[in-house]
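Written out below as structure tokens is the structure these notes cover.
Just so it is clear, the structure is predicted and the values come from calculations on it, not from any experiment.
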Amino acid sequence: MSRYSPAEIEANWRKAWDEAGIFRAGNDPAKPKYYVLEMFPYPSGRIHMGHVRNYTMGDVIARHKLATGHNVLHPMGWDAFGMPAENAAMASGGHPKDWTYQNIADMRAQMKPLGLSIDWSREFATCDPEYYGQQQALFLDMLEAGLVYRKNAVVNWDPVDMTVLANEQVENGRGWRSGAEVERRELTQWFFAISDMAEELLEALDTLDDWPAKVRLMQENWIGKSRGLQFAFGLNEGPDGFDRIEVYTTRPDTLMGASFVGISPDHPLAKQLEKDDAELAAFNAECRKGGTTEEALEKAEKRGYNTGLTVRHPFDTAWELPVYVANFILMDYGTGAIFGVPAHDQRDFDFATKYALPIIPAFLPSEDADPQLNAPYVPPKTEPVHYVSTIAGDTWQTGAEAIEATIAFCEQNGVGQGVTKYRLRDWGLSRQRYWGCPIPVVHCDACGVVPEKKENLPIRLPDDVTFDVPGNPLDRHPTWRNAPCPKCGADARRETDTMDTFVDSSWYFIRFTAPHADTPTDIAAAEYWMNVDQYIGGVEHAILHLLYSRFFARAIHITGHLPKSASEPFNALFTQGMVTHEIYQTRDENGRPVYHLPEDVQDGKLADGTPVQIVPSAKMSKSKKNVVDPIGIIDAYGADTARWFVLSDSPPERDVEWTAAGAEAAFKHLSRVWRIASEIAASDAPGTSEADEALLREMHKAIHDVTGGVESFGFNAAIARLYAFTGVLAKSEAGAQAKRAAARTLAQLMAPMTPHLAEEMWQMLGGEGLVAVAPWPVADPAMMQDDTITLPVQINGKRRTEIQVPQEMAKDEVEKIALATDAVQRALEGAQPKKVIVVPGRIVNVVI
RNA sequence: GCCCAAGUGGCGGAAUGGUAGACGCAGGGGAUUCAAAAUCCCCCGCCGCAAGGCGUGCCGGUUCGAGUCCGGCCUUGGGUACCA
């Protein structure tokens with residue numbers, strides 16, 4: 001072989017690794033264990049560049065840990081339940097199960113050529129009955145432990161298709177298929193009691209030192225701990241059973257600025273009033289239109305309905321405030337009722353202006369400010385605030401102090417209590433869909449909701465279902481619903497809701513430690529392998545998936561399936577950026593966007609010449625069709641080129657926009673490395689000891705820098721360093737023996753990124769065994785020292801010249817040399833410098 | 001709307017508060033070749049003949065020194081609880 005041909009070498013080395021079994025993870029107590037995991041993929045059918053990037057990063061870590069003597073667990077599986085399989089079934093008439101398993105087979109076949117160091121013996125899919133049956137067992141244990149319960153919650157309801165829609169299926173408030181205006185409808189659903197753990201989930205964030213600070217911050221804000229006052233306004237002449245309106249506020253210090261009380265359209269009082277008030281009923285119905293997302297609710301136009309009722313201010317019972325029903329108040333937050341303070345809140349100000357309500361300042365920025373303030377006033381963070389109508393004393397206080405003082409004052413006067421609340425809501429897991437894990441309960445007329453018996457698990461999905469009409473096929477199935485009550489044996493009905501797919505992905509990382517156990521976990525295996533030492537995935541999962549997984553690890557501990565030590569499941573987290581791509585769209589006759597694959601677009605036009613609109617780069621997603629297929633790259637250049645390219649072009653935590661241009665360059669570089677290695681292997685040229693030493697010095701520097709890069713997710717910097725070292729090696733005048741040693745080291749350093757090429761080089765250069773398991777090279781600091789260094793010399797912080805000095809030269813010697821330079825002498829004009837700063841090994845700054 | 005990030009040459013990007021632009025791509029010039037491919041060498045932020053000046057989204061601040069730290073904006077991206 002006379003040139004680099006990955007097609008020939010890559011398959012051979014994958015076979016060699018396979019036969020040596022080096023990626024099989026056994027429980028070897030002699031070695032430190034290391035569990036590296038990338039977020040498992042959804043089996044869409046094709047791997048894309050995001051997968052290649054994600055799994056290559058994890059593979060670099062896994063291979064590096066293997067070479068540093070760790071017992072490595074690096075598994076792979078499939079997050080296989082979810083809507084796309086049902087959508088495919090609806091679109092083309094197949095079955096979600098066939099579609100999913102075919103996609104898994106396809107993707108596995110596309111993934112294997114990447115040469116990932118995965119222990120494939122642990123592979124599973126979440127739609128395997130062996131997996132979801134254990135998930136059902138976990139659910140039953142959680143039910144028994146009081147971690148699951150039922151309550152009403154709203155869903156997006158499509159009134160034409162008569163079906164529940166996911167948020168993604170709601171476009172501008174309308175159903176994506178029917179185009180009908182979506183309504184919010186209440187259903188009884190299952191919930192995980194995650195909010196009971198809010199405080200613990202919040203506090204434990206502080207222990208996650210190796211998580212990105214931004215993820216911890218996002219989770220902290222999501223949990224949203226707040227301190228406030230809960231109290232009631234007395235209601236004048238309310239309907240029977242309603243004599244007060246309970247409110248929660250984080251700004252009790254603004255209580256004297258209240259000008260109205262608002263309640264949610266779903267508040268019990270609103271629901272009572274609408275029975276006798278057709279206009280209110282119409283208003284409430286209007287409010288219930290549109291999707292359920294927080295974004296939609298927050299951005300909707302703020303509207304209110306005056307109920308005509310009034311409440312009494314708790315500190316002045318003669319002071320009456322009107323009661324409005326308002327569309328921006330959510331029943332899920334606090335008590336579903338608020339008081340509005342237009343003087344100190346933009347939203348309340350807008351509302352008060354619209355409905356001509358009074359604007360009453362509760363405090364002023366200073367004593368001489370205009371008391372007839374009619375614009376929202378937000379107090380500065382640092383200046384004290386003066387109460388106009390003080391209730392806690394006529395004192396100057398800052399915001400947080402004012403709030404605490406007001407709470408204390410209110411408690412002393414019998415107006416409510418100080419309360420800690422969390423924004424975090426319980427996790428609704430019920431889905432009115434087929435392709436998910438069935439919720440293992442039975443509804444019995446006599447016994448109510450009854451958990452299935454564990455010996456009846458798994459409750460399997462029926463195969464004979466159709467998707468020709470909208471709605472959940474489990475509901476329509478002729479017999480599947482029929483089941484005996486596990487308690488009394490009478491004829492009863494199975495629950496037809498399935499679980500949110502986030503449940504599937506909240507414990508798969510534990511299942512990998514014993515994927516074939518006949519209980520949810522194997523305690524010994526979990527104890528050995530957990531926690532995940534390094535978890536890697538997209539930042540889009542920063543909140544939901546990661547928070548749910550943290551909750552589940554605790555729940556699994558509580559139900560006895562996991563040691564306490566593993567209740568924070570991911571020791572270290574790395575959130576990689578996404579692979580983005582431009583979006584190409586045209587419009588259909590109704591003006592709706594139609595998306596096109598990059599491979600179908602040439603020079604901004606479709607094959608038939610229709611120009612496409614180019615939407616700026618965004619996250620690759622199937623729905624937007626801005627997806628690039630990496631298989632073409634692998635076929636043309638080999639897996640090592642694809643791996644090298646996705647690592648080299650962008651810092652791992654940042655988004656990378658896919659471009660085809662770099663792949664060719666990566667291939668050229670790997671070809672060059674191969675050529676250099678084969679030339680060195682064939683050479684027996686002598687060299688000078690000076691050149692040998694210089695090469696050795698560069699080698700140790702490269703070991704140091706590349707190792708540091710690999711260990712700190714600086715893959716792009718590590719690769720830049722490898723480019724530089726390759727250049728040094730190519731130009732070196734060192735002897736063949738020294739060059740062979742340097743080239744073997746190069747192979748080792750490249751092995752995590754380009755494992756096939758590295759094995760080939762290692763073999764050519766006389767390395768022993770597989771480079772994948774050869775001990776990782778160690779940099780010797782003594783071998784990295786240069787004799788002299790270059791120091792920049794600044795004048796007043798601007799670089800003017802540089803000096804060459806010995807590495808260890810004393811500060812005052814360096815100062816003398818710097819001051820003697822022409823540039824400094826010219827600038828000084830005979831005067832003395834005000835100050836000279838010498839940072840050893842770094843810089844000299846002369847201040848004039 | 002709210003929460004969290006990011007912004008540096010033509011492009012991807014580098015830089016423990018210490019020489020801004022490493023490394024790579026694209027581009028320009030040269031060597032080799034009958035010619036090409038491949039390969040190798042050199043140049044390459046902007047303005048300027050030069051001396052020099054200006055430069056890390058914008059405005060201000062801290063510092064001997066700021067891409068980096070602080071305050072305020074702008075733009076783009078992610079999340080927003082039923083996309084995964």
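Residues satisfying the side-chain hydrogen bond (donor to acceptor under 3.5 Å, both in side chains) test with A:Thr575, not counting sequence neighbours, are none. In this structure A:Lys299 satisfies the side-chain hydrogen bond (donor to acceptor under 3.5 Å, both in side chains) test together with A:Glu295, sequence neighbours excluded. Under the ring pair (Phe, Tyr, Trp, His ring centres under 6.0 Å) criterion, A:Tyr637 pairs with A:Phe667, sequence neighbours left out. Under the rule for a side-chain hydrogen bond (donor to acceptor under 3.5 Å, both in side chains), A:Tyr42 has no partner lying at least two apart in sequence or in another chain.
Among pairs with a residue in residues 496-505 of chain A, those fulfilling salt bridge (Lys or Arg N to Asp or Glu O under 4.0 Å) read A:Arg431-A:Asp500, at least two apart in sequence or across chains.
In terms of phosphate contacts, A:Asn796 brings no side-chain nitrogen or oxygen within less than 4.0 Å of OP1 or OP2 of B:G65. For B:C82, the OP1/OP2 oxygens have no side-chain nitrogen or oxygen of A:Arg425 closer than 4.0 Å.
A gap of 26 Å separates the P atoms of B:A37 and B:C23, to the nearest Å. Rounded to whole Å, the separation between the P atoms of B:G18 and B:A51 comes to 29 Å. Using atom P as the reference point in both B:C3 and B:C73, the two lie 12 Å apart (nearest Å). Atom name P, nucleotides B:G24 and B:U32: the rounded distance is 25 Å, in whole Å. Between B:G77 and B:G71, the two C1' atoms lie 24 Å apart (nearest whole Å). Comparing the P positions of B:C59 and B:A66 gives an interatomic distance of 16 Å, to the nearest angstrom. Taking atom C1' on both B:C64 and B:G12, the two are 35 Å apart, rounded to the nearest angstrom. B:G13 and B:U63: their C1' atoms are spaced 28 Å apart (whole Å).
For the side chain to side chain contact (heavy atoms under 4.5 Å, CB included) with A:Val155, the qualifying choice from A:Gln189, A:Glu186, A:Arg184 is A:Gln189, the only one to do so.
Between A:Tyr723 and A:Phe725, the ring centre distance reaches or exceeds 6.0 Å. Proximity of the aromatic rings of A:Tyr535 and A:Phe574 is defined here by a centroid distance below 6.0 angstrom, and this criterion is not met. When ring centroids are compared, A:Tyr131 and A:Trp507 come within the 6.0 Å threshold. You'll find the ring centres of A:Phe328 and A:Phe351 inside the 6.0 Å limit. Ring centers of A:Phe552 and A:Phe192: under 6.0 Å apart, within the cut-off.
One cannot find a donor-acceptor pair under 3.5 Å joining the base of B:C4 and the side-chain atoms of A:Gln219.
Under the 3.5 Å distance criterion, with hydrogens and angles disregarded, a donor-acceptor pair is assigned to the side chains of A:Thr292 and A:Asn156. A donor and an acceptor atom, one from each side chain of A:Thr496 and A:Asp475, are located under 3.5 Å apart.
The strand RNA chain B forms stems, runs of 3 or more Watson-Crick or G-U wobble pairs with distances below 3.5 Å, at B:1-7 with B:74-80, B:10-12 with B:23-25, B:27-31 with B:39-43, B:45-47 with B:52-54, B:57-61 with B:69-73.
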Donor-acceptor contacts, no H, no angles, side chain residues 78-87 of chain A, under 3.5 Å, sequence neighbours left out:
residue : atom : partner  : partner atom : Å
A:Trp78 : NE1  : A:Glu123 : OE2          : 2.8
A:Glu86 : OE2  : A:Tyr434 : N            : 3.0
A:Glu86 : OE2  : A:Trp435 : N            : 2.6

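Classification of A:Arg174 and A:Glu171 as a salt-bridged pair fails, no side-chain N sitting under 4.0 Å from a carboxylate O.
Between B:C83, B:C25, B:C23, one nucleotide has an atom nearer to the side chain of A:Ala665 than all others, and that is B:C25. Comparing B:G78, B:A81, B:A84 against the side chain of A:Tyr42 picks out B:A84 as the nearest. In this structure, of B:A5, B:G79, B:C83, it is B:C83 that holds the atom nearest to the side chain of A:Ala166. For A:Arg431, taking side-chain heavy atoms from C-beta onward, the closest of the listed nucleotides B:C4, B:U19, B:C82 is B:C82. For A:Glu540, counting side-chain heavy atoms from C-beta on, the closest listed nucleotide (B:C23, B:A84, B:C4) is B:A84.
To the nearest 0.5 angstrom, A:Leu749 atom CG is 9.5 Å from A:Thr726 atom OG1.
Counting to the nearest Å, the C1' atom of B:C82 and the CG atom of A:Asp500 are 7 Å from each other. Atom pair A:Ile543:CD1 and B:G79:C1' shows a separation of 5 Å (rounding to whole Å applied). Between the P atom of B:G65 and the NZ atom of A:Lys834 lies a distance of 11 Å, rounded to the nearest Å. Distance, A:Arg799 CZ to B:C54 C1': 16 Å, rounded to whole Å. For A:Leu547 and B:A84, the CG to C1' distance is 17 Å, given to the nearest whole Å. For the pair A:Phe715 CZ and B:C23 C1', the computed distance is 17 Å after rounding to whole Å. Atom-to-atom, CZ of A:Arg423 to P of B:G1 comes out at 16 Å; the value is rounded to the nearest Å.
Within 4.0 Å of A:His541, counting heavy atoms only, lies at least one base atom of the nucleic acid. Contacts of A:Val164 with the nucleic acid, taken as non-hydrogen atoms under 4.0 Å apart, include base atoms. Contact annotation for A:Phe328: no contact, since no heavy-atom pair falls under 4.0 Å across all strands. Heavy atoms of A:Gln432 sit under 4.0 angstrom from at least one base atom. Counting non-hydrogen atoms under 4.0 angstrom, A:Gly428 reaches the backbone sugars and phosphates but no base. Heavy atoms of A:Val846 sit nowhere under 4.0 angstrom from any nucleic acid atom.
Of the residues in residues 78-86 of chain A, those lying under 4.0 Å from RNA chain B by heavy-atom distance are A:Asp79, A:Gly82, A:Met83. Taken residue by residue, residues 291-303 of chain A places heavy atoms nearer than 4.0 Å to RNA chain B at A:Thr293, A:Glu294, A:Glu295, A:Glu298, A:Lys299.
Of the two residues near RNA chain B, A:Lys798 and A:Ala720, the one whose nearest nucleotide lies more 5' is A:Ala720.
For B:G57, the glycosidic angle deviates from 0 by more than 90°, giving an anti base.
The minimum heavy-atom distance linking A:Ile223 with A:Ala198 is given by the pair CG2-O, 3.9 Å.
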With the criterion being N/O to N/O and under 3.5 Å, what pairs connect the protein with nucleotides 37-42 of chain B, and how long is each?
residue : atom : partner  : partner atom : Å
B:U39   : O3'  : A:Arg675 : NH2          : 3.4
B:C40   : OP1  : A:Arg672 : NE           : 2.9

What N/O pairs connect the protein and nucleotides 67-69 of chain B at under 3.5 Å? Give each pair on its own line.
none

Nucleotide-resolved protein contact map, nucleotides 6-18 of chain B, B/S/- at heavy-atom distance under 4.0 Å: -S----SSS-B-B
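In this structure, A:His51 and A:Tyr55 have parallel ring planes: the angle between them is below the 30° cut-off, well short of the 60° mark.
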